[in-house]
Amino acid sequence: MKNIIGKVISQGLDTLIEEGLLSKEAKDSVHIERARDRQHGDFASNIAMVLAKQAKMAPCAIAEKLLAAMPSHASITEVNIAGPGFINFKLATQTQSAIIDTVRQAGEEYGKSKVGAGEKVMLEFVSSNPTGPLHVGHGRGAAYGDALRRLLNACGYEAHAEYYVNDAGRQMHILAISVYVRYLEAAGQPASLPANGYKGAYVSDLGAALYTNEGDDLLLELATLFADLPEDEEASIDALISRVQTGLGEKKYGLVFDAGLNALVEDIRQDLSEFGVEFETWYSERSLVDKGMISAAVEVLKSNGKLYEQAGAWWFKSTDYGDEKDRVVLRANGAHTYFAADIAYHLDKRQRGYDKLINIWGADHHGYIPRVKAAFSAMGEDAERLHVLWVQFAVLYRGEEKVSMSTRGGDFVTLRQLREEVGNDAARYFYVMRKPEQHMDFDLELAKSQSADNPVYYVQYAHARVCSVYRQLEEKGLQPGVDADYSLLGEQQELDLMMQLARYPEVVEKAARDYAPHQVANYLRELATAFHAYYNAHPFISSEENLRNARLALIDAVRVVIACGLNTLGVSAPEAM
RNA sequence: GCCCCGGUAGCUCAGCUGGAUAGAGCAGCCGCCUCCUAAGCGGCAGGUCGGACGUUCGAAUCGUCUCCGGGGCGCCA
C-alpha cells in the first residue's frame, strides 16, 4: 500500500521537476507514514513541507501543485491537503481488506521477512556466573535475549544464542570452598563458612550430596585448615582456597569444584529451558584456557604492538581507542585477567563465522564496554560488528520495601520462584514489555497478587476469544465459508483492524532493527484493544451468511497475527482461558 | 570528579531517525451481561513532556547548560 502511494507521489514529483519547480533531489525526500489519526486518512506524507525551503514556496502551495500533478489510482479514493501541508491519502476498502487473505495464507509465516539476508548473528546473553541459581534480574536478560533472537530470526537473520560459562575465575573457587565447608558440616565436622562465602541453602545441599557420594574421602585436618587465617575477609578466603587445594590435591579438589559447577550449570540450563529459553551453545571459559586461546590472543595483541609491560604486568593500550585508561591483561603473578579471556572469546566468536556479535549485559558491566570494543578493534576486527546492549536491573520491591539481592548472601528471589508464582507467560511478557534500558520496578506483591491484571492476559484473551467464536460456530452446526465478500466490512472497527493487521510486518522489522521487542508487546496490546472493541460492538455469528463469513475471516486473521506476535515474545497463545 | 541510562497523567510506562489536538494500563468516577468467555466494552476526569537557553516553518523528540534518581569507574568476575 505504501508502495502505491510512493509511486503516485513520485510520478507527481516528476512532472513538477520537468516544469522546473523542483530539483531532482526532491524525490529522495519522499516519506510516507501511517496517519496517526483516523480522520486524517490512512497514510500521510510530509513531502510538501520538506520541499518548502528548496522550492521557496509555501508548503500548501507545493502540496496543491503536487496534488494536481499526481495521477489517480484505483486504490486511492481520496487525497487532500491538511494542517501545515500534509498530504493525506485514503485507501479503497477493497485494497485494505486484501490483508485478510494475505495474513491467513501466510499463517505463522506472516510478518517474517528476509531483510537479515541470512547474516549470522551470535547473541550472547544471561552468562551468569554459575555460583548460584538464576534470580529475577537474570530473568530479564533471558527474556529479552530470547525475544530478540526470535525477532532477528523472523527477519531473516540466522541468530544463535550462546551462554558463556564463567567457570575459570576466583568466584568459582569461592563457590568450591563454600561447598567444601558445607561438605565438612555434613560430615559432622565443626567447620564454619567464611563471611564472604556463598550462603545459599543450595550450597548446603551440594555439600550434603558431596558427602553422600564421597563419604569421608575428602576430609582434611580441621585445625590446620582454619588456623591463623588472615583477618582481611578476601585474603582469608583466598588462603582457605589454597589450603584446600594443596590439602586435597588436584584430583580431589577437582571433584569438589566440579560438584558445584556442574550442578549449578545444569540447574541454570534446566531453569532457562523451562522458561522457554534454549541456547545453541554453552561456551566454557575454561576451554579457552585449556586450548591456549588466551595466550594466543595475547600474542596477537603483542605482535600488533598493542601491549606493554609495566610493574611486572602486561597492559593493553585501550586508551588508543578512547577508553579511560589502559587495562591489564596479564597480571604480575602471571595469571590472565577476565578481560584477557574475554578478548580471546570475542575473537573466537568471529572465527566461528559470526558476522555480527550481540552481547547482552547487565547494567553493572557497561563500564566494561569500551575496553572490549577497543580490544576487538586492536585484534583487527571491525568494531561495528560488535554490539553490546545492556539491560537495566529490575529493582525488586515487596510492596513498599526494596528487596536486597545478593548471590553470596543467599538472599534473593530466584527466577524459578518467580515463574512458579506468576507463570512463564506473565513473567516473560512483563520482562519484555519495557524497553531494556529502562529501570524497572518489579513489585513482587503486585506481580503475585494481581497477576490477573497483567497485560499478557488481555492479549491472550483476544486470541482465546477468536478460538471460542469458532467453537461456538461449530456447536451451532455452521461452517466458516470459503468465499467471503469483504466489501461488507465497512465498520470503523473493521477498518481499524485491517490497518493494524497490515502494520504488523513493519512493527516486526522495526523492533528487530531497534533491538526492541517491547515494540511488539505494545503493538499486540493495540491490536487486542481494536479486537475487543470490535467484539463488543458487532456480533460475528450473524444470521446473514455473507457478512458472517467476512467477519469470521477478519477475526481469524487477527488470531493469526496475535499468535505470531506472542510467539515472537516467547509467550503462548492459548485457545481457551 | 569523569562516563553511561533514566526523569512524560496520582502510580507503572509507551512515544524520541522533528511534524497535525502528547498516548496506554493501573488507580478514581459514571454506565454496559435475556446476546459469540465482563480476564471484556463505552464514557468522564487527570499533563509546566524535570528546568533554562538554542537550532527550525515546526521540538517530548535535535544541541548546549543545569537539577534530580540509578549505575559504572580493580593486577574482581
Side-chain angles (χ1 to χ4, degrees), chain A residues 31 33 35-37 39-40 44 46 49-50 52-53 58-59 82-86 88 127-129 131 166 168-172 174 234 285 310-315 323-325 327-342 362-370 390-393 395 433-443 446 450-462 464-473 475-476 510 513-514 518-519 521-523 525-526 528-529 531-542 548 551-552 555 576-577:
Chain A
H31 182 72
E33 59 187 31
R36 274 195 205 170
D37 192 326
Q39 293 173 349
H40 297 143
N46 63 350
M49 288 179 287
V50 174
K53 192 174 247 181
F86 286 99
N88 293 330
S127 295
S128 146
N129 282 353
T131 53
N166 298 127
R170 176 168 173 265
Q171 294 306 321
M172 289 309 301
I174 294 176
E234 300 298 326
E285 182 186 358
Q310 187 187 311
W314 282 89
W315 298 70
D323 194 11
E324 295 170 357
K325 54 178 98 167
R327 311 290 179 173
V328 171
V329 289
L330 289 180
R331 288 181 239 162
N333 66 9
H336 68 265
T337 59
Y338 176 83
F339 178 44
D342 235 9
D364 55 337
H365 279 63
H366 89 259
Y368 187 67
I369 297 172
W390 41 289
V391 289
Q392 279 289 353
F393 298 123
V395 182
M433 63 186 267
R434 307 264 151 89
K435 60 183 175 188
E437 64 269 31
Q438 178 68 253
H439 299 222
M440 183 169 144
D441 286 347
F442 203 132
D443 187 335
L446 195 72
Q450 298 188 15
S451 60
D453 289 338
N454 193 304
V456 68
Y457 297 112
Y458 182 82
V459 176
Q460 288 182 320
Y461 185 42
R465 265 186 157 174
V466 177
C467 296
S468 174
V469 169
Y470 271 77
R471 281 194 297 270
Q472 291 281 327
L473 188 73
E475 280 170 25
K476 288 181 179 163
K510 184 173 190 304
R513 196 169 56 236
D514 295 345
H518 75 275
Q519 291 174 4
N522 289 336
Y523 164 81
R525 168 159 263 289
E526 286 169 29
T529 297
F531 171 76
H532 287 308
Y534 182 38
Y535 182 97
N536 276 273
H538 303 285
F540 306 143
I541 307 179
S542 66
R548 182 173 72 223
R551 286 180 170 172
L552 287 172
I555 65 169
M577 289 174 74

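Since the model is a prediction, treat every value here as computed from it, not as a measurement. Residue numbers begin at 1 in each chain, while the letters A, B, ... track the order of the sequences.
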S.K.: Against the six-membered ring of A/Y535, is A/R465 placed for a cation-pi contact (under 6.0 Å from the centre, within 45° of the normal)?
M.R.: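 Yes, a cation-pi geometry.
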S.K.: Mind checking if A/A341 touches a base, just sugar-phosphate, or nothing, with heavy atoms under 4.0 Å?
M.R.: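 No contact at all - A/A341 keeps every heavy atom at 4.0 Å or more from the nucleic acid.
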S.K.: Generate the contact string for nucleotides 72-77 of chain B. Rules: B means base contact, S means sugar-phosphate contact only, - means no protein heavy atom under 4.0 Å.
M.R.: SSSBSB
S.K.: Paired with B/U56: which nucleotide, if any, by Watson-Crick or G-U wobble criteria at under 3.5 Å for both distances?
M.R.: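 Base partner found: none.
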S.K.: Taking only N and O in the side chain of A/H518, is any of them less than 4.0 Å away from OP1 or OP2 of B/G15?
M.R.: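 Result: yes.
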S.K.: Report yes if at least one side-chain N or O of A/S468 is closer than 4.0 Å to OP1 or OP2 of B/U37; otherwise report no.
M.R.: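 Looking at the OP1 and OP2 atoms of B/U37, one of them is under 4.0 Å from a side-chain N or O of A/S468.
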S.K.: Do we see A/Y458 stacking on the base of B/A39, given a limit of 5.5 Å between centres and 30° between planes?
M.R.: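 Stacking between A/Y458 and B/A39: absent.
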S.K.: What is the separation between atom CZ on A/R548 and atom C1' on B/C35, rounded to the nearest whole Å?
M.R.: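 Atom CZ in A/R548 sits about 16 Å away from atom C1' in B/C35.
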S.K.: CD of A/E526 versus C1' of B/A14: gap in Å, rounded?
M.R.: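 Rounding to the nearest Å, CD of A/E526 and C1' of B/A14 are 9 Å apart.
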S.K.: Specify the separation, in whole Å, of atom CG of A/D323 and atom C1' of B/C4.
M.R.: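 Whole-Å distance recorded here is 13 Å.
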S.K.: Would you mind classifying the nucleic acid contact of A/H31 as base, sugar-phosphate or nothing, using non-hydrogen atoms under 4.0 angstrom?
M.R.: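 Touches nothing.
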S.K.: Nearest whole Å is fine: how far is B/A24 C1' from A/H532 NE2?
M.R.: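 The answer, rounded to whole Å, is 14 Å.
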S.K.: With the 90 degree cut-off around zero defining syn, does B/C33 come out syn or anti?
M.R.: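 Base orientation relative to the sugar is syn.
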S.K.: Quick one: what's the B/S/- string for nucleotides 5-11 of chain B, heavy-atom cutoff under 4.0 Å, read 5' to 3'?
M.R.: BS-----
S.K.: Within the pair A/R551 and B/C36, is there a side-chain N or O less than 4.0 Å away from OP1 or OP2?
M.R.: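 Indeed not, no polar side-chain atom of A/R551 lies that close.
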S.K.: What integer distance in Å separates A/Q519:CD from B/A24:P?
M.R.: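 One finds 19 Å between P of B/A24 and CD of A/Q519, rounded.
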S.K.: Within this structure, what is the CE-to-P distance between A/M433 and B/G25, rounded to whole angstrom?
M.R.: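 Between P of B/G25 and CE of A/M433: 12 Å.
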S.K.: So, for A/E285 and A/A341, which heavy atoms are closest and what is the spacing to 0.1 Å?
M.R.: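 So the two residues come closest at OE2-CB, 3.7 Å.
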S.K.: Can you measure A/N46 atom CG to B/U56 atom C1' for me and round it to whole angstrom units?
M.R.: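 Checked: the CG to C1' distance equals 14 Å.
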S.K.: Tabulate atom names and distances for all N/O pairs under 3.5 angstrom spanning the protein and nucleotides 28-32 of chain B.
M.R.:
none

S.K.: Over all strands shown, is A/M49 touching base, sugar-phosphate only, or nothing at heavy-atom distances under 4.0 angstrom?
M.R.: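 Base contact.
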